[in-house]
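In listed order, ligands and their atoms are each counted from 1.
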Amino acid sequence: MIQIAILGFGVVGSGTAEVLAENKKQIDAYCGDEVNVKYILDLREFPEHPLGGRVVHDINVILGDPEVVLVAEMMGGAHPAYDFTRAALEAGKHVVTSNKEVVATFGAELLKLATEKGVCYLFEASVGGGIPIIRPMQTDLASNEILSVSGILNGTTNFILTKMKNEGAEFAEVLKEAQAKGYAEANPTADVEGLDAARKIVILAALAFGKLLDPNRISTEGITKIGRDHTAVADKLGASVKLIGHTERIGDRVLALVSPFLVSSANPICHVDDVYNGILVEANMLGRALFYGAGAGKLPTASAVVADILDILSRRAGERKLPKWTPATETDVASAEELVSRYCYVFEGCAKCAEKAKAALQGEECVFLEGSKFAVVSKKMTRKDADAAICSTGLEPLFSLPVLD
Ligand code: HSE
């Protein structure tokens, strides 16, 4: 029997127990032995749950039990999740996690420690919920140079944006629905302000380029300012407003940002709705590949946690190659202003102003909206150049959005 422990019995933790129970036959067959949850660490008791008797409140019970070979951490938050992860790796136990905050903040150090200890630290569920994206980037795309990664990385905000667009729903109401469905973070500010997506794009950037950026320092804008005007512009241009995490290399430096984008209808991400995530990886040999699926939710996310458990338990120790990440220094990081893209600026003014803005932005498109509002889409240029061009006209945009083609 292979003994494992679950840390945190919330949405994903209890989902992991459910996946292990529901698919027990095939899971045991895959691992060549019976997989058993020996302990569940949580502050609460779960007397009604079939595994309620396995609940412990002291991490040392798990750390001190040599039978436990693997710990699945689904506590959320940085502490004590990071501290327990370190302690478990130090104790020679494999760790799998869905905790993007810990991976994005401490991933470089934890991967190094795991490698030194000859154990695994896997985090498939930390990005894209149930979508296999981490393992394909590490293994199947190892023959490629990754050029860029762009994606809808937060299920909650995509759910909100879709409902706002299709049903004219109110922001607060849809957020409550996303919370009830178990999509949103304990503190949904991390979803709506873009921090959750920032953590995820930082993880994808590290997988692509080997540098772990600080998720709190990349340019991050959420969806709280998105309203009817944004949707109206998107409709006129045949695009969708989506919260996008994007990373690419600029020379030797890594650019990563999170922002609402206008996604052109030609880009498959434009059509990724509801709680689904869509991650477009551009690689030098493969070209573009889209990874699509449920980006949040109990069982999809738990299925990714269990995939990591199976990956580890079905191999001999030491067979799994872990990535090496270096914490990024100031000189490794490119500014969001350097992103070359088309940019859409929205103004209020006369037809003459529209001509002026179009000329300054060497614009390809100009559409007129309700009242005297209009939108101009620039040719491809850096954000810095686009802003400078608009500034030189003396026009003040109401807002602007980068375009993802
Ligand atoms: N709150 C996250 C989301 C959960 O909505 O995408 C999955 O990481």
**Q.** K100 neighbourhood, listing ligand 1 atoms whose heavy-atom distance to it stays under 4.0 Å
**A.** 2 (C), 4 (C), 7 (C), 8 (O)

Q: Using a strict cut-off of 4.0 Å, indicate which atoms of ligand 1 neighbour a heavy atom of G155.
A: 3 (C), 5 (O), 6 (O)

Q) Nearest protein heavy atom to atom 5 (O) of ligand 1, by residue and atom, and its distance? A) T156 OG1, 2.6 Å

Q.
Between Y121 and H94, is the ring centroid distance below 6.0 Å?
A. no

(Q) Tell me whether ligand 1 is touched by G295 - counting only heavy atoms on the residue side and a distance under 4.0 Å. (A) yes

(Q) Show me which atoms of ligand 1 lie under 4.0 Å from any heavy atom of E185. (A) 1 (N), 2 (C), 4 (C)

Q | Heavy atoms of other groups near K112 NZ, more than 12 under 6.0 Å | A | no

(Q) Quick one, V69 and Q3 - any side-chain contact, counting heavy atoms below 4.5 Å? (A) no

Q.
I need the atoms of ligand 1 closer than 4.0 Å to a non-hydrogen atom of K200, numbered in the order shown.
A. 2 (C), 3 (C), 6 (O), 7 (C), 8 (O)

Q) Can you tell me if T157 uses its side chain to pair, donor with acceptor, with the backbone of N154 under 3.5 Å? A) yes

Q: State whether the number of non-hydrogen atoms from other residues, nucleotides or ligands found under 6.0 Å of E90 atom CD is greater than 12.
A: yes

Q | Heavy-atom donor-acceptor pair, T220 side chain to I218 backbone, under 3.5 Å | A | yes

**Q.** Proximity to ligand 1 by part of N277, non-hydrogen separation under 4.0 Å
**A.** neither

Q. A296 to ligand 1: N or O pair under 3.5 Å?
A. no

Q.
Under 3.5 Å between any N/O of D191 and any N/O of ligand 1: does that happen in this structure?
A. yes

